[in-house]
Structure formats: structure tokens, C-alpha cells
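Everything on this sheet refers to the single structure shown next.
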Amino acid sequence: MSVRVRFAPSPTGHLHVGGARTAIFNWLFARHHHGTFVIRVEDTDQARSTRESEAMVLDDLRWLGLDWEEGPDIGGPHAPYRQSERFERYRTVAGELLERGRAYRCFCTEEDLDRKRSEAEAQSRPPHYDLTCFHLSAEEARARAGKEPFVVRFHVPREGEGSFSGDVTIDDLIRGEITWRGESLGDFIILRSDGMPTYNFSVVADDHDMEITHVIRAEEHLTNTHRQVLLYRALDWPIPAFAHVSLILGQDRSKLSKRHGATSVAAYADEGFLPEAMVNYLTLLGWSAPDGREIFSIDDAVASFSLSRVNPAPAVFDPQKLAWMNGQYIHSASASSLRVRLAGRFRAAGWIRGETASLDAWLDDAIDLVKKGAQTLDELTDALRFFFDHDVSRLIGDEENRQVLESPSSGEIIEKLREDLELHGEPESSEAYQEMVERLKTATGQKGKNLFMPIRIVLMGAAHGPELHRAVPLMTRGSRISELAPVVSPLERARRCLEQALR
RNA sequence: GGCGCAUUCGUCUAGGGGUCCAGGACGCCGCCCUCUCACGGCGGUAACACGGGUUCGAAUCCCGUAUGCGCUACCA
């Protein structure tokens, strides 16, 4: 039998990293087994669910690089894939359960239930439903159903009730054997008074109808499995395999949520994280490759993925390691591929004014110049800002910079630098830059840090940054490309500094 | 409270009775490279929750305790 798995998000906002990892594990499992990946939208909570959220979640999944064979956007043999469009089916299944005597109408009001619950708690009895309506005769139930609101409850088989048992044992693919006793469960609602199904019920109906073979989901659903298996049994439906993936925790070891900072994958996309890095990191949160490698492509993960290597313990989300990993991907990416991903940011910054091959070539060189210093696309963009933005007053506003510039030799070095640039022209190559440095060495008698720091600060605008012999020629070349926003040329920088900072 | 799950360096993890005085990665610290910052290289710091068993031998198996988390809803 071919593998069929599903990811079932509730459309209540962007996809969060926890959901993303569950989706990734499902997808990896499906692809590894050449199975089918289904997206089903669980929007029975109509107060919180929106179509906009559904579109966002689907976009987030696509951004991660996941694809699916069946889903609300593309349909499929088991359409519809939105629970809100499957109400008829749930009513039919509930009717089947009613007919089989495995479920019953319950007319107790919420007030009744609240009262019963607190009474039970006061007497330290389990707060289970007291079966009042279970004991109603079929005739009475039918009669009241016409004029009173009711819910449909599933009856959890009690000891000695025929051949049925409320005990359930599953063999979780990640955690092994897990057993629940029937006594720990009360009769639970499957259809609300407004006719809407509850989660545990719709999930079972859908997973069965959609022929899901493996239910891979978050650990928070683990104890729900007890109810769900009971439902499968009452309906004589085959029970799928289960795999419960542990929760992702924040730094304080509580379940990851908004107050832990960025938790939606969209937020990471905005900051300039690459989907490949995101998938790689999330895959590693709970799973490890058999060969121990930590940086791997999604195809490698597909090839070696197995649920038996998924760790059952919860994992703390570590933004630092994610950032490191994203950096690894950026550092090994080609400049041209990064340029494509950065295009939107460059345009937003107003740096790109036209289109020409020389512009692309310049951008690629610029990207290569700074990419090792960046861990995100945002940082990479920031690292390029110095080309276009040369603010002398901000430059001398920095204490470290001012100290260097105020040293006795600096004035002379900058003066000679300007003279050299005027006389020999601005360096367009690394070699030309080196020659310029040699001339400045002889002219000023300075070398090492004493020589380079003033040059660096005046030309680059900061004491730290990329290599001068690459950056300065690029600056020169950039200042001559009209399709690019104005790059401040080396000579202009030297002049401005002399005028505004050094007397 | 009841039920369930989990517990190896700060974090992610490897390990599934002897090869483990526990290996890798992130972080942190130091050194090297170097005009600076990064990158990279090298080295260091740091863990089997606790208590009982089982066994010649336990991080690995069993029981208990502690702690954390989840469920116990007409949320999913």
C-alpha cells in the first residue's frame, strides 16, 4: 500500500516554525516513500479561521520548497480539502455512529455540565460526563431532538459492555507502545449543538476518507489519539499508523510562541533567511542524519529520512544556530544566485536604476566582497550600504574613528591620498590599489595599521569591513556605472573628509 | 488532581549492555591567518536528572522519585 500523509494546518495566521517542522517531516516521509502528500485545512473553528490565513500558510509552505499532490488549492480525488466544506460528511458519519448505538444525543446544557464538573471535582471524582443522556431511551431522545438543542456524544465503552473496550494501545513510530485505559476518558462530544464537528471527530473522518496511512503530527495531539482510535474502532475503519513529533520550545523551555520573538517562517523570510537553511535547521530539530552530517540538501534528507531517527524529546529553538546555518548557505551560494534573491531589497533601497550586464557584474563582485560577513540577506544588504552612503559627520561621530583620524600622521596620509588619487587616478583594479599603497608608504613613511586605518576609515567610513584592495577598486568602478545609484568615489570621499573633518 | 509523554555539555544531538573517564554541531574562550571586521584553520570549556534494581559489566534494560511539557473544552 502506498504511503499517504497529510499536513493539516488551522488557518489562523502565518505558518509557525513548529507547524513548518511537522509539515517538513510529513513531506520528507512522503517523498522518501514515493507517497502522496496532502494538505487539509482544519477550519472548523470559524471564528478564528480565515481564507487570507489559508493563503498565507500555503505560501509559506511553498516558500519552504514543499509541494503537495492534493490540497484546497489544487483539489484532488478526495476533495474538498477544507473541513468547512465537509460538514455534510461529518453529519453522515455521526448518524452512522448514532445508528450503531456508539454515540447518542445529549441534551444537557452547558450550565448543567459546569455544575456536574465542579461537583465531581469537589468529590475528587474524575470530571467525566455522568451519562445522564446515555441512559435516555431512544424514543425520548428522538422526541426531544425535535424541540431541544443537543450535541452528539461518543460513548466510551465501559468494562463489561459487550465485546467493546475503551482501552487503547498504539505503537507510535517515534515513541513506541503507548497505552490508555478507558476509564481515563469520559464520553466526548463529536458534534456540537450547532452541528459543527469537533476536532477529534473531523480528523478521524477525514483521515479515513482521504486514505491517510501515517498520521505524523505534533505531540500535543498524543492523548487525542485515544479518542480517535476509539472512533476508528466503532466505525470498523482501519487505523493508520501514528507518529507524534515532540514540541518545539522557546529559550525558557515553554512551548514556542509569539512572545519568544519571531516564530513565523514568514518573519524569517523577511529578515533574509533562505528557505534551504530554514528547512535544514528545522529538519535537524528532532532528526539527525545517519551519517551525522548537519548541512544537507533537502534531497539528501529525503534519501535518508526515517521516523525511527526522530528524537522523542522536545527541542529548544536556537536562533543563533539557525543564523549560523543560514550564513553557511549564504557563504557557499554563488554571487549571481544571491543577486537574484537580493533584487527586491536592492530595488527597495533605490540602488538599481537600470539594467545592464556591467551592473550585474559589479553587483556580483560587490556581493562576493561582503557575503562572508553576512548571515542573512538583510545583513548582506546592510554590508553593501557603504558604497552609496558616505556620511562624514556620522563617520567622525564614532569615537574609534575620531581617535584614528586625530592621530598626528593621519592628516598627512589623507592629504597624500587625495593627491595620489588626483594625480594617478582612482584605482580600478587590485593591482592599481596596491601601487597606490606603495606610493603612500614612501610618501608618508607609514606602514601597517598606522597607514591602513586612516585610509580605511576615510574610504570605507568605518574601522571594520571588507578588504580594501577589493573594495576600493569596486568603489571606483561603481561610481562610473550610471544604472546604479551614485556610488561615492574614492577621491570624493577623501575630499569630503579633508573639508569637513580635518580642518 | 487524573492520564500520557519526555529527561546526554548552556542549546541541537550521536549513542540502543562492554570499543564511552561519552563523539559531533551551535555558542563561549584562546591561538593562527590578517590593514580591520568577518570567513577559515587549530585547540579548549562543558553533559548521561536522582535513587534503587537486573547484570561479570548500564548513558544504554526495569522500577520508583523529581522536574518539564501535553491532554483532561460544544479550541485545534
Side-chain angles (χ1 to χ4, degrees), chain A residues 8-12 42-45 47-49 83 106 108-110 113-114 117 121 124-128 149-153 172 174-176 178-181 183-186 188-200 202-203 217-227 244 246-247 249 251 253-255 281 284-295 309 311-325 327-328 331 370-375 379 383 400 404 437 447-457 460 462-469:
Chain A
S10 293
T12 56
E42 310 220 321
D43 55 351
T44 54
D45 182 356
R48 295 196 303 150
S49 304
Q83 292 191 326
C106 173
C108 296
T109 63
E110 287 203 58
L113 297 172
D114 284 343
R117 238 192 310 274
E121 258 169 66
S124 62
R125 281 185 289 114
H128 296 159
F150 61 88
V151 301
V152 177
R153 273 183 199 276
D172 191 279
I174 292 172
R175 286 146 215 278
I178 298 164
T179 299
W180 296 273
R181 308 278 302 162
E183 303 87 273
S184 61
L185 213 56
F188 55 91
I189 294 170
I190 58 174
L191 237 42
R192 299 191 260 248
S193 50
D194 61 0
M196 302 275 193
T198 56
Y199 166 76
N200 283 300
S202 53
V203 158
R217 71 211 333 179
E219 188 189 346
E220 55 193 319
H221 295 298
L222 182 57
T223 49
N224 286 327
T225 308
H226 186 184
R227 293 179 180 76
H244 289 91
S246 69
L247 258 21
L249 273 25
Q251 306 278 273
R253 302 204 75 89
S254 70
K255 186 177 161 180
Y281 177 72
L284 226 34
L285 221 48
W287 182 78
S288 56
D291 61 7
R293 281 178 54 201
E294 296 211 329
I295 304 280
R309 290 193 66 82
N311 191 144
V316 173
F317 185 78
D318 182 3
Q320 270 191 315
K321 186 155 183 178
L322 204 213
W324 167 80
M325 189 167 281
Q328 296 299 304
H331 302 168
V370 301
K371 75 175 185 184
K372 294 281 191 191
Q375 289 189 316
E379 287 178 12
E400 190 184 0
V404 172
V437 168
K447 59 177 182 176
K449 272 187 194 173
N450 289 338
L451 176 65
F452 286 105
M453 282 315 274
I455 296 178
R456 169 173 290 285
I457 288 169
M460 307 292 289
H464 309 303
E467 299 156 293
L468 288 170
H469 74 92

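Remember, predicted model here, so these are calculated numbers, not experimental data. Convention: sequence-line order gives letters A, B, ...; per-chain numbering from 1.
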[N] versus [M] - spacing of their [atom1] atoms, nearest Å:
N	M	atom1	answer
A38(B)	C32(B)	C1'	15 Å
U72(B)	C56(B)	P	47 Å
A59(B)	C5(B)	P	24 Å
G53(B)	C42(B)	C1'	46 Å
U67(B)	C74(B)	P	30 Å
C9(B)	A25(B)	C1'	12 Å
C50(B)	A58(B)	P	15 Å
A46(B)	A22(B)	C1'	12 Å

Counting only side-chain heavy atoms from C-beta out, which of [options] sits nearest to [X]?
X	options	result
F452(A)	U72(B), C35(B), A76(B)	C35(B)
K449(A)	U36(B), G1(B), G4(B)	U36(B)
R309(A)	A14(B), C3(B), C74(B)	A14(B)
I178(A)	C26(B), G4(B), C39(B)	G4(B)
L247(A)	G4(B), G70(B), G1(B)	G70(B)
E219(A)	C5(B), U11(B), C74(B)	C5(B)
Q328(A)	G40(B), C26(B), C74(B)	G40(B)
S288(A)	C3(B), U13(B), A76(B)	U13(B)
K372(A)	C39(B), U36(B), C3(B)	C39(B)
D318(A)	A76(B), U36(B), U11(B)	U11(B)

Mind checking if [X] touches a base, just sugar-phosphate, or nothing, with heavy atoms under 4.0 Å?
X	value
G465(A)	base
G286(A)	sugar-phosphate
Q251(A)	nothing
P9(A)	nothing
P126(A)	nothing
V151(A)	base
R293(A)	nothing
L468(A)	base
E183(A)	nothing
A313(A)	sugar-phosphate
S246(A)	nothing
T179(A)	sugar-phosphate
H244(A)	nothing

Contact nearer the 5' end of RNA chain B, comparing Y281(A) with A8(A) |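 Its nearest nucleotide being more 5', the pick is Y281(A).
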Considering heavy-atom distances to RNA chain B, does R181(A) or Q320(A) have its closest nucleotide positioned more toward the 5' end?
->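 Closest to the 5' end, via its nearest nucleotide, is R181(A).
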Less than 4.0 angstrom between a side-chain N/O of [X] and OP1 or OP2 of [N], yes or no?
X	N	value
R253(A)	U7(B)	no
T198(A)	A76(B)	no
N311(A)	A6(B)	no

Heavy atoms only: give me the nearest [X]-[Y] pair and the separation to one decimal.
X	Y	result
L247(A)	E219(A)	N-OE1, 3.9 Å
R175(A)	S246(A)	NH2-N, 3.5 Å
A463(A)	R456(A)	O-CD, 3.0 Å
H244(A)	A218(A)	CD2-O, 3.5 Å
I457(A)	V404(A)	CD1-CB, 3.6 Å

In sequence, state the C-alpha distance, the side-chain angles, and the governing distance for T12(A) and R48(A), and then conclude on side chain to side chain contact (heavy atoms under 4.5 Å, CB included).
-> CA-CA 6 Å; T12(A) 56; R48(A) 295 196 303 150; 3.7 Å; yes
Measure from [atom1] on [X] to [atom2] on [N] and round the result to the nearest Å.
X	N	atom1	atom2	answer
Y199(A)	U72(B)	OH	C1'	16 Å
F188(A)	A76(B)	CZ	P	13 Å
E400(A)	C35(B)	CD	P	17 Å
H226(A)	G70(B)	NE2	P	21 Å
L451(A)	U36(B)	CG	P	13 Å

Base partner of [N], which must satisfy Watson-Crick or wobble distances under 3.5 Å:
N	value
U67(B)	A6(B)
C28(B)	G44(B)
C33(B)	none
G16(B)	none

Distance criterion of 3.5 Å, no angle test: do you see the side chain of [X] paired donor-to-acceptor with the base of [N]?
X	N	result
R456(A)	C35(B)	yes
E294(A)	G24(B)	yes
S193(A)	C74(B)	yes

Taking the inter-plane angle between the rings of Y281(A) and F317(A) on a 0 to 90° scale, is it parallel (under 30°), tilted (30 to 60°) or perpendicular (over 60°)?
->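 Judged by the thresholds at 30° and 60°, the geometry between Y281(A) and F317(A) is perpendicular.
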Yes or no on side chain to side chain contact (heavy atoms under 4.5 Å, CB included) for L284(A) and M325(A), after CA distance, side-chain angles and deciding distance?
-> CA-CA 11 Å; L284(A) 226 34; M325(A) 189 167 281; 3.8 Å; yes
Worked verdict on V203(A) versus R217(A) for side chain to side chain contact (heavy atoms under 4.5 Å, CB included) | CA-CA 12 Å; V203(A) 158; R217(A) 71 211 333 179; 3.9 Å; yes
Evaluate the criterion side chain to side chain contact (heavy atoms under 4.5 Å, CB included) for residue pair N224(A) and Y199(A); output intermediate values, then yes/no.
-> CA-CA 9 Å; N224(A) 286 327; Y199(A) 166 76; 3.8 Å; yes
